[in-house]
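Remarks on the structure that follows.
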Amino acid sequence: MTVPHPPSGSEEPVGYDPTAVEAKWRARWAERGTHATDLNGARPYYQLMMFPYPSAEGLHIGNLYAFTGNDIHGRFQRLQGHTVLEPLGYDAFGIHSENFALKMGVHPMELIPRNVANFRRQLDRAGLMVDWRRSVDTTDPAYYKWTQWVFLKLYERGLAYKKQAAVNWCPSCKTVLANEQVINGACERCGTPVEQRALEQWFFRITEYAERLLNNLDWIDWSESTRTAQRNWLGRSEGAELRFRVLDPLTDAGSAGVMVSQEITSGSTVINVFTTRPDTIFGATYLVLAPEHPAVERLTTGDQRAAVEAYREQARKQDLVSRQVNKEKTGVFTGAYAVNPATGEMIPVWIADYVLMGYGTGAIMAVPGHDERDFEFAQKFGLPIVRVVAGPEQDAHTPLDAAYTDDADGRLVNSEQFDGVAVPDAKRQVTAWLTERGAGKSVTTYRLRDWCVSRQRYWGPPIPIIYCDACGTVPVPEKDLPVRLPNVPDYKPDDSGVGPLARHEAFYHVPCPTCGKPARRETDVSDTFLDSAWYFLRYPSVPNDAVPFDAAITKQWLPVSAYIGGNEHAVLHLLYARFINMVMFDAGLVPSEEPFKKFRAHGMIIRDGAKMSKSRGNVVNPDAYMDQWGADTVRTYLMFIGPFEEGGDFRDQSISGVRRFLDRLFASVRDANRGGAPDADVMRKLHQTIKKVGGDIPALSYNTAIAAMMEYMNTLRRGERVPHVAEVEPLVQLVAPFAPHIAEELWEMLGHAGSVFDAGWPAFDEALSRDDAFELVVQVNGKTRGKVSVARDVTQDAAVAAAQADAGIAKFLTGPAKKVIFVPGRLLNIVV
RNA sequence: GCGAGAGUGGCGAAACUGGCAGACGCGCUGGACUUAGGAUCCAGUGGGGUAACCCUUGCGGGUUCGAGUCCCGCCUCUCGCACCA
């Protein structure tokens with residue numbers, strides 16, 4: 001049996017068929033080049049969305065959510081008369097692809113193009129205004145040639161260097177693991193306990209830019225939450241570096257009063273510590289060094305050597321993750337003593353893994369009286385605890401049953417000449433005093449570490465460096481770029497601790513570019529975050545192969561006008577992109593120090609109140625929904641379910657409301673009255689709606705913009721009313737950013753030849769939007785008791801009179817008015 | 001622990017600088033049109049009460065003519081960071 005089709009000419013009007021409409025406009029856009037941006041166009045507007053990692057599962061609804069939100073913003077800017085560039089590409093390098101390829105037994109060079117093709121198909125369906133002529137694929141040699149060029153730029157400027165660093169190492173898989181691959185100290189794949197290994201790695205000196213990266217956060221137009229996250233990550237802290245002289249066993253033996261068994265050492269060792277509380281120096285009762293601290297070797301006394309070595313070995317073995325999770329304090333005494341520069345007393349030197357080598361100087365002065373960690377440690381190992389700060393209700397002798405850490409209200413005690421000084425002042429005074437005595441200086445440190453860009457992996461851009469026995473480290477000359485990633489069939493990491501590229505002879509052996517003698521290539525590839533740290537600079541200059549980014553185009557199109565993306569990239573990606581852009585700015589290659597004029601973080605989509613995940617089996621497949629409802633409905637629904645910057649709850653049940661709205665819109669245009677005049681009240685509502693939607697879109701309040709259009713739709717069709725064409729035509733323009741296909745179709749049905757996106761935004765007329773009469777809310781004693789219809793510019797006296805004339809209100813006016821609050825245009829409150 | 005954000009009907013959510021709490025949508029109820037309705041259209045829909053009215057924005061205080069919104073103190077949830085000296 002076949003489904004009967006309505007015969008043509010039947011009185012049943014033709015309804016909205018999204019499948020047909022969307023296919024038609026996809027084709028029409030391609031044919032007309034509607035989405036191709038003229039880079040010389042007036043008022044350039046660069047709308048950037050975070051490019052996706054093209055996974056084998058296909059487009060995630062979260063991607064679609066982000067892209068739709070960007071697309072609406074971009075389309076709106078176009079309707080406002082900007083020339084909008086809205087590019088999109090693929091972030092396809094990295095450990096994700098590599099692991100997935102390993103698992104599936106497919107080579108990434110085969111897998112990625114397949115995934116990209118599938119993504120492209122899904123993205124095309126979504127109706128994004130993307131100019132695909134300016135796409136990038138980070139795995140394309142034409143792109144990573146320039147990623148390597150970026151590396152060399154940093155190298156050239158002294159911002160790339162090599163040093164030893166610890167990595168997570170799985171002794172069973174014989175490979176380097178990222179922190180997120182370590183679960184409870186074990187390898188996520190095989191469960192073997194993870195160890196540390198020290199490898200030579202490439203780093204970028206992002207710490208040199210810490211201050212600028214921090215200061216610019218004050219003025220860039222970014223989501224506050226993102227700026228805060230970056231501030232915390234940069235972690236500026238002001239304090240002092242203090243010098244502690246370690247006792248020399250020879251000269252200090254007598255005075256020490258302890259058994260010193262170490263051999264004579266030459267010269268004296270100094271330990272520098274960083275502290276934010278120099279004011280507590282009189283309470284520093286011991287020192288703690290990180291187990292890896294280079295001075296440990298020298299300080300350790302003979303009788304402590306075995307214990308110290310054992311402890312260092314244990315710390316070394318522990319993986320990087322669990323070392324930071326394990327909070328139980330451990331440590332070992334080195335046998336050495338240092339002199340507290342304030343008190344002149346001898347204090348023991350310990351090592352403990354709660355002190356991190358990577359922060360400050362890798363050594364601390366422990367003030368157990370005023371630091372929780374030190375307190376805990378001192379209690380466990382029986383070290384002295386001294387009070388040197390007293391709170392408002394305390395004095396020098398108040399016992400300490402916990403560390404007193406308040407640094408605002410306390411005053412110094414047991415601190416000789418500083419007794420009684422308030423903590424904030426004491427910080428300055430003590431630092432000045434110690435500086436004078438050559439025992440310290442004030443310094444600012446950052447939590448931020450240098451960026452490790454090396455990966456001992458296969459699936460990434462080879463780092464363009466050559467090692468020559470004669471010439472040393474030689475950068476690959478620009479003319480030799482790209483250093484192509486060879487197609488290595490066995491790209492699995494092995495136990496050598498170096499990347500798989502080291503096994504590829506033809507890649508590895510290379511003549512030195514300087515002297516021509518046999519040399520070796522660097523076999524590490526670079527971090528994917530490097531690929532994405534500059535991609536926005538590339539888009540406008542694609543496909544120019546002569547330069548990474550064309551000077552004139554870059555000057556015109558950068559910085560990015562608006563960037564909208566997930567807050568999961570609040571710190572790393574966005575910080576690295578700012579850093580790279582800043583370096584390029586210093587090199588005179590980009591027009592602004594900051595790459596993204598405006599950044600907004602969108603929220604996350606959950607489903608039926610729960611996070612979407614494969615294991616829960618509640619992942620939304622965009623294809624299925626677009627099949628059933630049409631892309632326009634899915635787009636609009638995604639934007640309707642909650643504030644874009646907060647995310648929303650995807651519920652299958654609710655999507656029909658949005659579809660119904662589009663159905664009604666379609667019917668309204670189809671059936672609109674062309675003769676006669678539009679209704680004045682409806683037109684007033686129309687202008688209010690134009691204003692509302694035009695204000696909501698740039699604020700990313702998409703959900704309320706859609707609600708306003710729905711409300712207008714209700715006005716248009718209330719009581720089976722048939723709208724006039726002048727009432728619906730502007731609505732088509734308002735809807736266009738959200739539901740572009742149907743908007744084009746309706747625009748055509750309204751008799752227009754060109755694209756609705758070239759038609760501009762409907763004119764808003766303030767005069768037409770104003771009501772002349774309105775309902776004034778009347779309160780008596782602050783409680784709403786009714787409303788009266790009055791003129792918009794009603795005076796207070798007239799309003800009171802109108803209220804008194806209303807029986808429902810008058811009965812609450814039990815006495816003379818004691819006070820009258822009149823808010824023109826809003827409300828009247830009579831206090832009796 | 002620190003940092004950020006959020007708690008509003010049966011559900012997703014609105015509410016601009018303090019000014020009608022619950023727009024819009026889902027669901028639900030009733031009605032219309034229908035052979036039919038899980039289609040479409042119309043109307044209603046926070047709770048209590050016959051009603052006049054009363055109550056209601058996580059909890060407890062406060063400021064104010066008036067508080068979802070501001071202040072103080074709690075509770076819960078989500079997301080970051082996590083021994084950063």
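Per chain, numbering begins at 1; letters A, B, ... match sequence-line order. Only this structure's heavy atoms are used, side chains among them; waters, hydrogens and symmetry mates stay out.
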Would you list the protein and nucleotides 73-75 of chain B atom pairs, both N or O, that sit under 3.5 Å from each other?
none

| Residues Arg428(A) and Glu238(A) bridged, charged N to O under 4.0 Å | no
| Rounded distance (Å) that lies between atom C1' of C2(B) and atom CG of Asp407(A) | 14 Å
| message | Going by side chain to side chain donor-acceptor pair (under 3.5 Å), name the pairs with one or both residues in residues 400-409 of chain A, residues two or more places apart or in two chains. | response | Asp407(A)-Lys427(A)
| Syn/anti state of G61(B) by chi, 90° boundary around 0 | anti
| field | Residue mapping more 5' on RNA chain B - nearest nucleotide basis, Gly648(A) or Phe812(A) | value | Gly648(A)
| said: Can you say whether a donor on the side chain of Lys329(A) sits under 3.5 Å from an acceptor on the base of C83(B), or the other way round? | reply: yes
| request: Sticking with atom C1', work out how far G73(B) lies from G22(B), rounded to a whole angstrom. | output: 29 Å
| said: Using the P atom as the point on both nucleotides, what is the distance between G48(B) and A15(B), in whole Å? | reply: 28 Å
| message | Roughly how many Å apart are U63(B) and G68(B), using the P atom of each and rounding to a whole number? | response | 16 Å
| message | Please report the distance, rounded to the nearest Å, between CD1 in Ile606(A) and P in G12(B). | response | 9 Å
| remark: In short, salt bridge (Lys or Arg N to Asp or Glu O under 4.0 Å) pairs touching residues 272-291 of chain A with sequence neighbours left out are Arg277(A)-Asp279(A)
| Looking only at side-chain N and O atoms, does Lys692(A) come under 4.0 Å of OP1 or OP2 in A15(B)? | no
| task | Take atom CD1 of Ile605(A) and atom P of A13(B), then tell me their distance rounded to the nearest Å. | result | 10 Å
| Any idea which of A82(B), A85(B), G12(B) is nearest the Ser237(A) side chain? | A85(B)
| said: Once ring pair (Phe, Tyr, Trp, His ring centres under 6.0 Å) is applied, do any residues pair with Tyr625(A), and if so which ones, sequence neighbours excluded? | reply: Phe650(A)
| note | Ranking A82(B), A4(B), C83(B) by distance to the side chain of Trp233(A), first place goes to A82(B)
| query | Considering only A85(B), C54(B), C11(B), which nucleotide approaches the side chain of Lys783(A) most closely? | reply | C54(B)
| field | side chain to side chain donor-acceptor pair (under 3.5 Å) contacts in which one or both residues fall within residues 705-717 of chain A, not counting sequence neighbours | value | Arg664(A)-Asn714(A), Ser668(A)-Arg717(A), Lys685(A)-Glu711(A)
| message | With nearest nucleotide decided by heavy atoms, which residue, Ala229(A) or Asp649(A), maps closer to the 5′ end of RNA chain B? | response | Asp649(A)
| note | Closest heavy-atom pair, Thr689(A) versus Ala708(A), reported as atoms and distance to 0.1 Å, is CG2-O, 3.8 Å
| message | For the P atoms, the ones on A67(B) and on C81(B), what distance do you get once it is rounded to whole angstrom? | response | 41 Å
| query | How are the rings of Tyr359(A) and Phe274(A) set to each other: parallel, tilted or perpendicular (split at 30° and 60°)? | reply | perpendicular
| request: Let me know the distance between NE2 of His569(A) and P of G80(B), rounded to the nearest Å. | output: 12 Å
| field | Dot-bracket encoding of pairs in RNA chain B, which uses [ ] for pseudoknotted crossings and | for another strand, Watson-Crick or G-U under 3.5 angstrom | value | (((((((..(((......[....)))((((((.......))))))(((....)))..(((((..]....))))))))))))....
| said: Run the side-chain hydrogen bond (donor to acceptor under 3.5 Å, both in side chains) test against Gln379(A) and tell me which residues pass, sequence neighbours left out. | reply: none
| task | Give the nucleotide from the list G3(B), C81(B), C83(B) with an atom nearest to the side chain of Arg447(A). | result | C81(B)
| said: List the residues meeting side-chain hydrogen bond (donor to acceptor under 3.5 Å, both in side chains) with Lys787(A), not counting sequence neighbours, and say none if there are none. | reply: none
| query | Looking at the side chain of Thr228(A), which of C83(B), C54(B), A4(B) is the nearest nucleotide? | reply | A4(B)
| note | Under a 4.0 Å heavy-atom criterion, the protein footprint on nucleotides 16-32 of chain B, written with B, S and -, is BB-BBS-BBSSS-----
| Parallel, tilted or perpendicular: which fits the ring planes of Trp350(A) and Phe377(A), with parallel below 30° and perpendicular above 60°? | perpendicular
| field | Rounded distance (Å) that lies between atom P of G12(B) and atom CZ of Phe661(A) | value | 23 Å
| said: Rounded to whole Å, please give me the gap between CG in Asn567(A) and P in C81(B). | reply: 11 Å
| Distance between the P atoms of G12(B) and G58(B), in whole angstroms? | 14 Å
I'd like a table of donor-acceptor pairs (distance under 3.5 Å, sequence neighbours excluded) in which one partner is a side-chain atom from residues 282-290 of chain A, with atom names and distances.
from, atom 1, to, atom 2, distance (Å)
Thr285(A), OG1, Pro384(A), O, 2.8
Tyr286(A), OH, Asp374(A), O, 3.0

| Glu372(A) has an atom CD; how far is it from atom P of A85(B), in whole Å? | 13 Å
| ring-ring contact (aromatic ring centres under 6.0 Å, His included) partners of residues 653-672 of chain A, not counting sequence neighbours, each pair once | Tyr16(A)-Phe666(A)
| field | Nucleotide A39(B), atom C1' - distance to OH of Tyr16(A) in whole Å | value | 17 Å
| field | A4(B) to A52(B) separation - C1' atoms, rounded to the nearest Å | value | 49 Å
| message | Run the side-chain hydrogen bond (donor to acceptor under 3.5 Å, both in side chains) test against Glu645(A) and tell me which residues pass, sequence neighbours left out. | response | none
